[in-house]
Amino acid sequence: MDKILILDFGSQTTQLIGRRIRDLGVYTEILPGDAALSDEAFRSGKGAALKGIILSGSPESVYTDQGAAPDRRVYELGLPLLGICYGFQRMTWDLGGKVAPLPRREYGRVGVTVAAEKADEADFGRTLGFLSGFDKALPLSAIIASGARPPAPPGHGGGAPAFPAVFTAWMSHGDTLTELAPGFRQYGTSDTGYPAVAAHTQKPWFGLQFHPEVTHTERGIEALAAFVFGVCGCTQGWSMEKYAEEICASLPGRGGEDPVLLLISGGVDSTVAGALLLKALGGEKVHLMYMDTGLMRKNETEDVSADLKRLGAKNLHIVHCEAEFLAALKGLEDPEAKRKAIGDLFIKVQERELARLGLPDSSFLAQGTLYTDLIESGKGVGKKARLIKSHHNVGSPLVDAKRRAGRIIEPLDRLYKDEVRALGRLLGIGRDIVRRHPFPGPGLAVRILGEVTREKCEILREADSVFIDELKKRRSPAGNSLYDEIWQAFAVLLPVRSVGVAGDLRKYGWVLALRAITSADGMTADVYPFPAKDLLEISTLITNTVTEIGRVTYDISSKPPATIEWE
Ligand code: XMP
């Protein structure tokens, strides 16, 4: 399998570069921009051959101390390099060119013209392989196939010359190249007159001032594909089937007798991790532990356990600890106090139940950590902190101890969220679990404002399930189910009651808020613009079905300034 390494200098779109290339069928890894060349990802290993390196964008400037630089030896490896925005400026600066601030920051769509006939060097073939990405006459499939055969000459297809190519690109930069580094030649210029595309005349090094990874850039995906296939010579080797096979064959603990413990939460990640472990190691060796805190969604415990049993789980330990959690939450109204009580009790119950299980010290602990959990993109360079995804986001002594002992298994740590969903489908996990919306660790406790009681949990569980079932049944104008169009939807029980009428009687019922948002990653969120008809019908259905609720409202706040959850 071929691999492209992305050096992350802090751009918000670094993850997107990785996604786009994986979507093209090529495996990617991301490292902090200033990572040492000794890092394992720089090597061809674990069955992945390093074929090229991409230097990402950054909010910093190359001429300041904040602008991080790659390991100097990156330029000595002889591998193809592609600099994007800051990455392009970085290469220019490091290799002897000049970069200076723009009089005015350039942001948004800008026209770019690429003129390929300028090139006359002997190695024009490779440069053309790259520039062909901008040729509107060349379909993506031909660019992908170009890894296996020489790129088409200019004016291919017998028609008019394909260059100059004129297209719209998306820019976001405050600096520009004022002098190319020695050996580079400019092939593309922005309508504002600045260098937009350049290539080295002897080496497989390329630079783009704009962002090919964002959809606003016409031919952006094709430009990335031209680098990956036409320049690096990658072949498509990344697929979920291959990943599943490879990971199953190489799981630590596969050979020995030591059991593997996985704590499952009911969410997509841990369920898929569980299914993968069951497939790779078999039901006898895998111990799955699930804590029913009483703060779960309707039927969550039953659905998850039924699915895992169907997938071969033999040691499924369901811990029923609702009473303990409700007792710990009794009288607590402050959101932070509620979260802390849940986190502390979680660790306590977990330790007690594990002791009861009596697994040997040599056992492994598996976690559903995702690739995005490991990378801190856009939050500053060099923060290599390996985030630990533990149950309910609390620092867990168990996880710390297992990590120190080298007995942690993270079988999803090379996958993005939607790849995990695809893997879940491949492993045969039920559709309802695979497409499930995110759910916070402290569960319904942060959706019942104020004190949490069993009665309120029941009311909220019912109302939430009416809302969610309706979203699954109803279609958007585009024909998708509303549930699949919405990133996260849920109901919130407010600590107020209001007056209403039921028949001839006045009724004093709870107020429920509905929340439905669209988002890419939960960092920011927009309110889902429901057609009024859906909201009105869902509201009526909830008040008719859950009689304790007298009034329904819809939360119309985006994030920021509001958060997605209410507590
Ligand atoms: P906020 O409310 O901060 O939520 O806008 C962003 C996303 O994170 C989820 N969330 C949590 N997830 N443990 C989790 O595992 C938590 O304590 C927690 N709090 C919020 C929230 O549901 C949303 O998807």
Side-chain angles (χ1 to χ4, degrees), residues 12 15 262-273 290-298 300 304 325 328-329 332 334-347 349-350 367-374 376-379 387-396 399 410 412 416-418 420-421 433-449 452 460-461 464 467-468 471 483-494 513-528 555-567:
Q12 297 208 333
Q15 288 285 342
L262 173 74
L263 305 170
I264 47 176
S265 66
V268 179
D269 306 343
S270 58
T271 311
V272 174
Y290 172 90
M291 283 163 54
D292 184 346
T293 58
L295 304 168
M296 331 300 289
R297 289 166 282 193
K298 190 173 175 187
E300 187 146 12
V304 172
F325 274 83
L329 287 165
L332 295 184
D334 174 63
E336 276 316 303
K338 284 161 66 179
R339 279 177 179 266
K340 182 161 184 332
I342 293 170
D344 290 350
L345 183 58
F346 207 91
I347 292 182
V349 176
Q350 181 180 295
Q367 296 205 108
T369 315
L370 304 193
Y371 195 46
T372 33
D373 297 322
L374 300 181
E376 276 201 331
S377 189
K379 290 190 191 156
L387 298 183
I388 296 164
K389 180 167 191 169
S390 57
H391 243 53
H392 293 219
N393 315 88
V394 286
S396 155
V399 174
E410 292 172 310
L412 311 179
Y416 291 89
K417 185 82 175 186
D418 46 351
V420 169
R421 293 190 204 274
I433 292 183
V434 167
R435 66 174 177 154
R436 190 167 261 184
H437 289 172
F439 188 59
L444 298 186
V446 293
R447 295 178 179 173
I448 294 171
L449 304 200
V452 178
L460 181 57
R461 237 190 301 277
D464 186 74
F467 180 34
I468 298 301
L471 296 183
Y483 187 78
D484 290 333
E485 269 197 7
I486 290 168
W487 197 79
Q488 191 172 7
F490 54 89
V492 181
L493 192 65
L494 306 191
L514 302 180
R515 184 101 169 107
I517 53 103
T518 55
S519 176
D521 51 13
M523 303 296 285
T524 58
D526 290 314
V527 177
Y528 184 72
D555 176 355
I556 52 167
S557 312
S558 61
K559 173 182 178 178
T563 49
I564 296 175
E565 302 292 343
W566 277 44
E567 278 195 343

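We count ligands from 1, going down the list as the structure has it; atoms in each ligand are counted the same way.
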Chemist: Working to the nearest 0.5 Å, report the span between CG of Asp269 and CZ of Arg436.
Modeler: 12.5 Å
Chemist: Going by the order shown, which atoms of ligand 1 are within less than 4.0 Å of some heavy atom of Arg339?
Modeler: 16 (C), 17 (O), 18 (C), 19 (N)
Chemist: Would you call Gln488 and Glu565 a side-chain contact if the rule is heavy atoms closer than 4.5 Å?
Modeler: yes
Chemist: Can you confirm, on distance only, whether ligand 1 has an N/O atom lying under 3.5 Å from any N/O atom belonging to Arg447?
Modeler: no
Chemist: Please determine whether any non-hydrogen atom of His437 lies less than 4.0 Å from an atom of ligand 1.
Modeler: no
Chemist: Between Lys559 and ligand 1, is there a nitrogen or oxygen pair with a distance under 3.5 Å?
Modeler: yes
Chemist: Please examine the side chains of Pro335 and Trp566, heavy atoms only from C-beta on, and report whether any two atoms are closer than 4.5 Å.
Modeler: no
Chemist: Counting only heavy atoms, which portion of Trp487 has something under 4.0 Å from ligand 1: side chain, backbone, both, or neither?
Modeler: side chain
Chemist: Using a plain distance cutoff, I'd like to know if Pro442 has any nitrogen or oxygen under 3.5 Å from a nitrogen or oxygen of ligand 1.
Modeler: no
Chemist: Check whether any side-chain heavy atom of Ile342 lies under 4.5 Å from a side-chain heavy atom of Thr293, and answer yes or no.
Modeler: no
Chemist: Given Ser265, Ala562, Pro440, which one has a non-hydrogen atom that is nearest to atom 10 (N) of ligand 1?
Modeler: Pro440
Chemist: Is there a polar contact between ligand 1 and Pro438, counting only N or O atoms under 3.5 Å apart?
Modeler: no
Chemist: Quick check: are there more than 12 heavy atoms from other residues, nucleotides or ligands sitting under 6.0 Å from NZ of Lys340?
Modeler: no
Chemist: Please tell me if the side chains of Tyr483 and Arg435 come closer than 4.5 Å, counting only heavy atoms from C-beta onward.
Modeler: yes
